[in-house]
Amino acid sequence: MVKEINFNSEMHIQHRWDLTPKEATQLQNKLASHISLEDTGQRFTTVAGIDVSYTLSENKAHAAIVVCAMDTLDIIEEQTAAMPITFPYIPGLLSFREVPVILKACNKLSIFPHLLVCDGQGIAHPRRLGLACHLGLYLDKPAIGVAKKRLTGAHRQLGIHKGNWTYLKAGDEKIGIVFRSRKKVKPIYISPGHKISMNRALSLIRRMHTVYRLPQPIRYAHRLANESKGII
DNA sequence: GCGACAG
DNA sequence: ATCTTGTCGC
């Protein structure tokens with residue numbers, strides 16, 4: 001039974017992370033009811049790309065956060081953090097493996113970004129609580145999930161041209177957008193994490209693309225996460 | 001029971 | 001994700 005959901009002084013949700021897979025699943029169902037898919041109307045001038053890499057030989061997870069200017073995508077700040085891996089990889093429970101080390105890196109930020117872009121799903125998740133939802137909810141910040149593969153849901157055939165997109169659906173429910181960011185290249189899966197709408201999530205992610213498959217903040221974070229393994 | 005399955 | 005080199009295609 002998971003009943004340890006608390007609120008800190010700023011009324012942000014908090015809870016333990018050392019849960020069993022069964023407890024984690026139950027917690028996701030409770031947390032999902034707190035996710036907001038409404039736009040806050042806030043102007044996003046800074047965006048953070050977030051990614052985690054692993055060193056299995058050392059059993060460590062390395063998180064990287066790269067804060068960029070939303071208009072130019074120039075890098076403003078970078079932070080990393082490492083932590084022992086304590087939760088197994090189980091499809092659907094990724095956030096319990098990655099959020100703790102991401103939070104550790106977030107605590108080092110001198111200026112907190114307006115928007116978080118995670119390498120993983122948002123609501124395009126079996127219980128509508130992917131990594132981006134969990135992180136956004138825990139930090140009470142707008143967040144978007146950008147995944148390289150589908151976790152759940154179905155969609156119609158996608159056109160091969162850059163910019164083509166279609167909804168990812170679970171029955172009649174729209175849970176994400178399958179987006180072709182490059183011609184003839186595998187699409188990416190965009191879904192709202194928290195405090196953002198489906199349309200704005202797509203609009204924002206589109207603006208973060210240059211000539212690569214993944215949005216720049218994610219690419220930067222991926223590179224940094226790998227670099228940090230050699231330094232630490 | 002079988003197939004699917006983010007990173 | 002990670003373990004790993006060169007190689008095929010636009």
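Note that these values count all heavy atoms, side chains included, but never hydrogens, waters or copies made by symmetry. Protein chains get the first letters and strands the later ones, always in sequence-line order, with residue 1 at the start of each.
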Point to revise | K229(A) vs dT2(C): side-chain N/O to OP1/OP2 distance below 4.0 Å | key: yes
Practice item. Would you indicate, yes or no, if dT2(C) has its OP1 or OP2 atom less than 4.0 angstrom from a side-chain nitrogen or oxygen of N226(A)? Key: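 Checking N226(A) against dT2(C): at least one side-chain N or O falls below 4.0 Å of OP1 or OP2.
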Study note, to complete from the structure: Quick tally for nucleotides 1-7 of chain B: nucleotides whose base has a protein heavy atom under 4.0 Å get B, sugar-phosphate-only ones S, the rest -, giving ---SBBB
Point to revise | NZ/NE/NH1/NH2 to OD/OE distance under 4.0 Å, K148(A) and D119(A) | key: yes
Check your understanding: Salt bridge check: are E173(A) and R128(A) linked by an N-O gap of less than 4.0 Å?
Key -> yes
Practice item. Report the C-alpha distance between Y189(A) and V146(A) in whole Å, list the side-chain angles of each, state the deciding distance to 0.1 Å, and finish with yes or no for side-chain contact (heavy atoms from CB on, under 4.5 Å). Key: CA-CA 6 Å; Y189(A) 300 78; V146(A) 176; over 6 Å; no
**Study point:** side chain to side chain donor-acceptor pair (under 3.5 Å) partner of Y54(A), chosen from E98(A), H62(A), K60(A)
**Key:**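 Of the listed residues E98(A), H62(A), K60(A), the side chain to side chain donor-acceptor pair (under 3.5 Å) partner of Y54(A) is E98(A).
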Review point. Would you say Q42(A) has more than 12 foreign heavy atoms packed within less than 6.0 Å of its CD?
Key: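 Yes.
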Practice item. Using atom CG of N59(A) as one end and atom P of dT2(C) as the other, report the distance to the nearest whole Å. Key: 13 Å
